[in-house]
Amino acid sequence: MAQALRALIAAACLAAMVAISPAAAVGIGQQAPSWAQLSPANRQVLAPLASEWDSFDPQRKQKWLGIANRYPMLAPVEQQRIQQQMSAWVHLTPEQRRIAREQYKNFRQLPPEQRHLVAEKWREYQQLPPEKRRELASHGTPPPRRP
C-alpha cells in the first residue's frame, strides 16, 4: 500500500514536471521522433520509457524530449530522482496514471498556501523511518476531505 502510494505521488510529481516543461509550448502537429531516431544520449536518459515511446503522441514526446535535453544540466541527485520517477510511472497501470494525473490537477487547483502545506507534509512523511511509513500505510488512513 505504502509503495503504491509513493509510486502514485512520484508519478504525480513527474506528471507535473512534464506538464510545465517548456516543450509543452511545441505545436501538436509537429512530428516527434521514433525511439530509433532519438540520439543515443536521449535514449539513455529516456530508457525507462523505451517500451512505450513509439505509442506516445507527438506532444508527449516533445515534453519528454524537453526533460531529456535539460537532464545533463541537473544535479546528480535530481537526475536520479527523474530516473526513479520515470521508472515508477512506467510501472503504473493506466488507472493509477489516471489517478496520479487527477491528484496533480487537484493539487494545482489548491490555493498556494494549501499547496505549500501539502508539500511540507509530504517532506515530513519522506523523513519518517521506513517502518513508521509502513505503519501509517497499514492503517489505511483515508485522504483528508477537501473543503
Side-chain angles (χ1 to χ4, degrees), residues 1-26 28 32-110 112-144 146:
M1 173 77 173
Q3 186 176 11
L5 178 61
R6 281 193 301 275
L8 281 172
I9 291 170
C13 291
L14 186 60
M17 287 179 54
V18 171
I20 62 174
S21 74
V26 174
I28 294 175
S34 69
W35 183 257
Q37 294 170 322
L38 292 176
S39 70
N42 282 347
R43 281 197 304 264
Q44 183 178 1
V45 170
L46 300 170
L49 305 173
S51 63
E52 298 184 22
W53 181 264
D54 288 329
S55 68
F56 290 166
D57 61 58
Q59 183 180 12
R60 182 158 298 163
K61 287 180 180 181
Q62 290 298 327
K63 289 177 183 180
W64 284 114
L65 284 171
I67 290 171
N69 291 335
R70 287 189 312 278
Y71 187 87
M73 296 174 273
L74 298 174
V77 68
E78 284 297 306
Q79 291 177 346
Q80 181 181 12
R81 186 177 64 82
I82 286 175
Q83 288 295 313
Q84 290 170 341
Q85 290 175 342
M86 273 194 283
S87 294
W89 184 259
V90 167
H91 290 97
L92 294 177
T93 65
E95 178 64 11
Q96 289 171 321
R97 290 179 188 185
R98 184 193 64 74
I99 291 169
R101 286 183 188 108
E102 186 177 304
Q103 287 176 341
Y104 172 72
K105 181 181 172 186
N106 290 339
F107 175 77
R108 295 297 296 170
Q109 291 174 350
L110 292 174
E113 61 276 359
Q114 285 185 318
R115 278 197 310 254
H116 178 72
L117 181 61
V118 169
E120 184 59 36
K121 291 292 184 186
W122 175 244
R123 282 189 289 276
E124 288 174 14
Y125 173 79
Q126 291 290 284
Q127 297 301 317
L128 293 174
E131 60 273 2
K132 181 65 176 175
R133 286 188 263 167
R134 281 191 293 274
E135 178 186 330
L136 290 171
S138 70
H139 287 96
T141 310
R146 290 189 62 195

Quick one: does [X]'s side chain get under 4.5 Å of [Y]'s, heavy atoms only?
| X | Y | answer |
| --- | --- | --- |
| Arg60 | Trp64 | yes |
| Leu110 | Leu117 | no |
| Ile67 | Leu46 | no |
| Ile82 | Gln79 | no |

From [X] [atom1] over to [Y] [atom2], what is the distance, rounded to the nearest 0.5 angstrom?
| X | Y | atom1 | atom2 | value |
| --- | --- | --- | --- | --- |
| His116 | Lys121 | NE2 | NZ | 11.0 Å |
| Glu78 | Gln85 | CD | CD | 8.5 Å |
| Gln59 | Lys61 | CD | NZ | 13.0 Å |
| Arg101 | Asn106 | CZ | CG | 14.0 Å |
| Gln109 | Gln114 | CD | CD | 12.0 Å |

Listing, residues 47-55 side-chain donor-acceptor contacts under 3.5 Å, not counting sequence neighbours, or none:
{"from": "Glu52", "atom 1": "OE1", "to": "Arg97", "atom 2": "NH1", "distance (Å)": "3.0"}
{"from": "Glu52", "atom 1": "OE1", "to": "Arg97", "atom 2": "NH2", "distance (Å)": "3.3"}
{"from": "Glu52", "atom 1": "OE2", "to": "Arg97", "atom 2": "NH2", "distance (Å)": "2.8"}
{"from": "Trp53", "atom 1": "NE1", "to": "Pro33", "atom 2": "O", "distance (Å)": "2.9"}
{"from": "Asp54", "atom 1": "OD1", "to": "Trp35", "atom 2": "N", "distance (Å)": "2.8"}
{"from": "Ser55", "atom 1": "OG", "to": "Glu52", "atom 2": "O", "distance (Å)": "2.7"}

If you look only at distance, which donor and acceptor atoms sit under 3.5 Å apart when one is on a side chain in residues 38-45 and the other is two or more places apart or in another chain?
{"from": "Ser39", "atom 1": "OG", "to": "Asn42", "atom 2": "N", "distance (Å)": "3.1"}
{"from": "Arg43", "atom 1": "NH1", "to": "Ala36", "atom 2": "O", "distance (Å)": "3.4"}
{"from": "Arg43", "atom 1": "NH1", "to": "Leu38", "atom 2": "O", "distance (Å)": "2.6"}

Handout entry: Residue list, side chain to side chain contact (heavy atoms under 4.5 Å, CB included) with Pro130, at least two apart or on another chain
Key = Arg133, Arg134

Problem - Nearest heavy-atom neighbours spanning His91 and Gln96 - result: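 What the structure gives for the nearest pair is O-OE1, 4.3 Å.
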
Handout entry: Residues Glu102, Lys105: salt bridge by 4.0 Å N-O rule
Key =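 No.
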
